[in-house]
Every structure is written in structure tokens, then in C-alpha cells.
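Both backbone and side-chain heavy atoms feed into the values below; hydrogens, waters and symmetry mates do not. Keep in mind that what you see is a predicted model, and the values were worked out from it rather than measured.
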Amino acid sequence: MEKISGGDALMRSLIAEGVDLVFGYPGGSIMPVYDRLYDYQDQLKHVLVRHEQGATHAAQGYARVSGRTGVVIVTSGPAATNVVTGLSDALMDSTPMVVITGQVATPFLGFDAFQETDVVGITQPITKWSYQIRRAEDVAWAVARAFYIASTGRPGPVVLDITKDAQVGLTEFAYKKCDYIRSYTPYPEIRLSDVERVAALINAAERPMILSGHGVMISGAEKELAALAEKAQIPVAATLLGLSTMPSDHPLYKGMLGMHGNIGPNINTNRADLIIAVGMRFDDRITGNVATYAPQAKIVHIDIDASEFDKNIATDATIHGDAKAALQALLPLIDQRRHEEWLKSFDEPARVEYEEVVIKEVHRKNGPLTMGEVVNNISKATAHKAIVVTDVGQNQMFSARYSRFTEPRSIVTSGGLGTMGFGLPAAIGAKMGAPGRTVVFYTGDGGLQMTIQELGTIMEYHTDVKIVLLNNNFLGNVRQWQSLFFHNRFSQTPLLNPDFVMIAQAYGIAAENVNSREELPAAIERMLANDGAYLLNVNIDETDMIFPMTPAGADVDHVMLNATETYPLDK
């Protein structure tokens, strides 16, 4: 059998896994791999990012919209430590990703050689698996195992740290995909007794509510979710990462949960007699004060990761398994029901929210522009079909609240880790993962500057990302908290910003400023009609705040409508 180098074995292994796109940045300890990549460019497209963190977020965006595993290749030392943020983000948000890092040659390990870091030691706590390859003959085995672990069960990131001698060493190559690892059971067998217990609780409930999380999107269970809701007439609310798992205009969809979620779902969480949580982890931004969370409700939790059961909220019944398989097993046992009065109870909070918050946000006639009206106008202009990518902060919450969704896999955002700077590279990856869809990226002036160098990646690869900079010259979300809870002491939140339009144009990206609502419609039209990337620098009211809001640690039904009023208004 022909012998090839470890670098060749890596390229062939990636191709055998169906990989055709990788994000990365070369350097000394990974140079043999990049040398071999030169001969595989017709099969394996490499996207040269401008920073290794950008590679991980781009791979995340790619994975989230495509359902495939994102792949990153970087060198050792500082390059390897630069991917730590992306690995942490991917683990918390269950995103499949394989990160390949270079490492110094085996004889130099442990001697503080140039650009040596303990990659496995650093990354083990923030990955599903982290492994160092020291022999060329182990490359194919490790790659197969990495993709199996990253993409199955609850997805997540894997690191392969490959020493320089393993990259240049010779080995016979025969690739075998991995489909079994002892003690690793990614898809547990769903127990009929668990399904029957959950079905009985659903059939007996008078005020049930479904909480749809990211796990629904990961498993592709959107149709099953809708079928369950429709059969038993159960209202559905979504977590931030669960947005787009049900169309926004579905009559049973009641909006987003959480700190900046819709009033109805938050209020009715504490009125429900049954909470059916599917593929979500009861994050503190969803539950608020756990001691007072859903006091009248029995809790059903459906998740592929049993470690999430009873971690934050005590359960009355669980189904341990993939969301799609669990819902398919559950559906035949569910009675057709009508919960007319319960469904009507969402109407009054929705009316108050619309009249007291939404109208004031999106239908202003005077004064500076607001973030909500910008997002609302763009969502309408894209017929609610765009992939919405966000950075973190007020721009994230406004774009989540005021975008509407008609297709699944339409939100890409950093949920668990809340990584500022995530959005720009993630938008690049999202566009490359779904080239036929419009990608609109919302960012703030703070977050954009954390990874602004990735404008160079957009320039090089002509990536058609529509960038909407909601610019208030502040770290807006921190400013909001300082205003509400720290007596308007704006410590280190005002920003002196550069000319973003000029910067974008320097990268060959069309750009313009928007200073008034009269200018906004035409500017949106120009942005969407442009064949290529476009940046709208929209100057926003610096005092703009995102409401409704449930303060951190408060009861989930303590909903602020503005800085002085809570729901209901007569409290």
C-alpha cells in the first residue's frame, strides 16, 4: 500500500468526511499541513480569516445554518489559544466543530519550545474531546473519531492537536468512518414508559406550554414540534436559540422567552400547569429566579443530554433522547385537545406589549432612529426570509425581538457565552453555508470593533453579507443596565468611534450612513439590491433601551415595560 505523509492523510480524511470548506490561518507548526493543502485546493476550499477567533466563529455560523460540522485549521501557541473563545461558545451552544491545531514536534514537547502550549490541557474543559496526534498512522483514526463525536448526540467542538512530526511522518492510508465508541451513546434508546408518562401529563393538562429550544433546530424536529402543538392546541414559546423553530405567524406561536422575551410567555410561565421543555437547558436568562419559577406547573424535559435534567429546574418527567425521535414517539399518544381560554390568556399581554412597547419602538414619527424600527423595516423588506446573524448586546435582543421568521435555521447568535465579536465572522460562515439565502448581520459599534478585521475576509472572498451597524456610540447593553440599576453612572461605556463607512469602503465594501427615518427605506432597498456586501451605519438614539425586560434574578413574571412601569400597568 502507498505511504503518504500525515498531512496528506489529514487532507484525505477530511475529504472522506465530506468536508469541502475549512476556515483557518497558517503558521510554523502547521506548515506541513498547509503545504499538502496546496495539492487539494480543487476538493477542499480554504477560507483565510484575519484572526483565529474569526475562524471558529465562521465555522460556527457555517455549521448552524448548514447542519454540517464546521472545520478550523490553525497553528500552535497563540493561534491555539486564540480559538479558546470559539470552542467555549460552541460547547455552550451545542455547535459541531472540529478544530485542528498544530503542535511542536514530539521531542520538543514539555520543553517550552517556540509557540508550544498545552492545547489538550487548555481545551479539555471546553470540548467534547481533545486529543493530541503524535504519529502519522493515527491521523485517519483520530479524524474519524473527531467527526463522530462532534456531530452526534448533543453536538459540540472537538480539538485535534497534531505534532509537526506526525504531519510529516509517513503512513499507509485507509479511511474508515467511525460509528461506535465504547461508553459513548449519542442516541439513547427512548423508553416507552417515559413517553407514556409524559403523554399522560400532557393529556391531563389544562394550561400546558411548550418551550422550544436549540435542540429542536439541531435535530430537525420543527415539523414534529408543530404537529404536537397543533394536535393538543398548546401554545409554543422559543428560547433565543430556538427562534425560527416555528414560524412567527403560526397561531400557536406566542413569542420569545426570557429576559427580553415577550410578555405573554413570561407571565404565563408562572400560570401554566405544565411546562414541556424540548431541547433547552433552563438557562438563567429564561428562568429568572429559580425558586419561584413555574410554581403551578409540572415540568417535562425532553433532551438528548441527561446531565441537563434537574440541573437548574426539578422535573416531574423526562424523555432522554433526540428531540425529533422523542416527539415522533409522543405524538400518537397525545389526545386532540382544545385550550381556548388558556390560549386567549396570551392575547391581553400581547395587546399591552404591542401598544405600550412595540408601537412606540417601531412607529416613532419624531426624534432619533431606534433599533427596533430598523430591524422591523429590514425584516419586512426581506419578506421575513433572511438568515439573521447577530452580535451580542442590545443589537442582539432587538434583532431577535423584531425579526420575524418563516424558515427554520434562520437565527445565528451567541447564546450561552454571549461573545461580543461573534457576529461578523459568523455571518461570513453563514453565507458560505447557505449561499442561496440573504444574510443580514446586526451589530453594535462595540462588538463590530472586536473582530472588524474580518472585513478583509469579506473583501477577499466577495462574501455577500448585509451588515447593519446599529450605532449609538455606546456599549449599549451595559449602558442600559447602568441607567436602570446604577444611577446613570456611565462608567467606561461611551465610545469614540471611527468613520465606519470609510473603513468599509477601504475594504471595497459599499457603505452609507443613515441619520434619519426618512432616509431608512431607500437605504435598505439599496443595501438589499446591491450585488455584494454592504454596510449601513445607522445612527441610533443613544438612550434607546430594549424592553420588555425581566431583571436578572427577578421572578420571570416581573416584566418591565419601560424604565418606570411594569406589567400589568396597574401594579
Side-chain angles (χ1 to χ4, degrees), residues 187 189-239 241-257 262 264-265 267-269 271-280 282 286 294 296-304 309 315-347 349-350 404-410:
Y187 300 106
E189 185 176 348
I190 293 172
R191 297 192 300 189
L192 180 59
S193 59
D194 291 343
V195 177
E196 290 173 339
R197 176 168 173 73
V198 169
L201 289 171
I202 294 174
N203 290 335
E206 295 299 326
R207 300 183 306 281
M209 186 162 73
I210 296 172
L211 313 186
S212 178
H214 193 201
V216 173
M217 185 185 298
I218 292 168
S219 68
E222 291 89 353
K223 290 182 179 179
E224 288 77 10
L225 173 75
L228 173 62
E230 290 163 0
K231 188 172 185 180
Q233 289 293 287
I234 303 174
V236 176
T239 66
L241 294 183
L243 292 172
S244 80
T245 54
M246 181 172 258
S248 300
D249 61 356
H250 193 290
L252 293 172
Y253 179 68
K254 301 303 176 184
M256 187 173 75
L257 295 156
N262 295 95
I267 291 289
N268 278 343
T269 292
R271 296 173 178 170
D273 65 0
L274 181 68
I275 297 291
I276 307 155
V278 187
M280 54 88 74
F282 289 108
I286 296 295
Q296 303 180 48
K298 293 186 180 299
I299 305 293
V300 165
H301 197 171
I302 300 171
D303 207 286
I304 202 165
F309 297 151
T315 59
D316 295 277
T318 63
I319 299 177
H320 182 206
D322 175 73
K324 187 182 184 79
L327 293 177
Q328 287 174 338
L330 192 58
L331 272 166
L333 306 182
I334 300 300
D335 296 338
Q336 289 191 324
R337 296 286 303 279
R338 297 177 69 85
H339 297 105
E340 293 178 354
E341 289 304 312
W342 173 234
L343 289 168
K344 285 180 182 177
S345 72
F346 288 83
D347 294 345
R404 295 176 66 79
F405 302 98
T406 58
E407 299 179 23
R409 292 191 179 271
S410 291

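- Note: I218 CD1 to D322 CG = 9.5 Å, rounded to the nearest 0.5 Å.
- Counting heavy atoms from C-beta on, the side chains of K254 and L343 come closer than 4.5 Å.
- Shortest non-hydrogen contact noted between L274 and A297 is N-CB, 3.8 Å.
- Within a 6.0 Å sphere centred on NZ of K324, heavy atoms belonging to other residues, nucleotides or ligands number more than 12.
- Summarising the geometry, atom NE2 belonging to H214 is positioned 13.5 Å from atom CE belonging to M280; distances are rounded to the nearest 0.5 Å.
- Listed for the D194 side chain is no donor-acceptor partner under 3.5 Å among the backbone atoms of I319.
- When side chains are defined from C-beta on, L228 counts as touching L331, because their heavy atoms get closer than 4.5 Å.
- A donor-acceptor distance shorter than 3.5 angstrom exists from the side chain of R409 to the backbone of M217, with no hydrogens or angles considered.
- One distance of note links OH of Y253 with CD1 of I210; it measures 12.5 Å at 0.5 Å rounding.
- Listed here is the closest heavy atom pair of S219 and A323: OG-CB, 3.4 Å.
- Within the 4.5 Å cutoff, no side-chain heavy atoms of M209 are placed close to those of R271.
- For the atom pair CD1 of I286 and OG1 of T269, the computed distance is 8.5 Å after rounding to the nearest 0.5 Å.
- Using a distance-only test at 3.5 Å, with no hydrogens or angles considered, a donor-acceptor pair links the side chain of S248 to the main chain of F405.
- Counting only distance, with no hydrogens or angles, the side chain of K298 and the backbone of L201 share no donor-acceptor pair below 3.5 Å.
- Heavy-atom minimum distance, V195 versus A329: CG1-O, 3.6 Å.
- Checking side-chain atoms of H339 against main-chain N and O of A205 turns up a donor-acceptor pair under 3.5 Å.
- The heavy-atom pair separating W342 from P208 by the smallest distance is NE1-O, 2.6 Å.
- Between R338 and E340, the closest heavy-atom pair is NH2-OE2, 2.6 Å.
- At a threshold of 4.5 Å between non-hydrogen side-chain atoms, the residues I202 and L330 count as touching.
- Side-chain N or O atoms of R191 include none that pairs as donor or acceptor with a backbone N or O of H320 at under 3.5 Å.
- When side chains are defined from C-beta on, N262 does not count as touching F346, because their heavy atoms never get closer than 4.5 Å.
- A salt bridge is defined here as a Lys NZ or Arg NE, NH1 or NH2 lying under 4.0 Å from an Asp or Glu carboxylate O, and R337 with E206 meets this definition.
- Put simply, CD1 on I275 and CZ on R207 are 10.5 Å apart, with the number rounded to the nearest 0.5 Å.
- Atom CG in L225 sits 8.5 Å away from atom NE2 in H250 (nearest 0.5 Å).
- Residue S410 comes nearest to S244 through the heavy atom pair N-OG, 3.2 Å, listed as atom of the first residue, atom of the second, then distance.
- N203 places a side-chain N or O within 3.5 Å of a backbone atom of L333 that can act as its donor or acceptor partner.
- Exactly one residue among I299, I234, V198, L327 makes a side chain to side chain contact (heavy atoms under 4.5 Å, CB included) with I276. That residue is I234.
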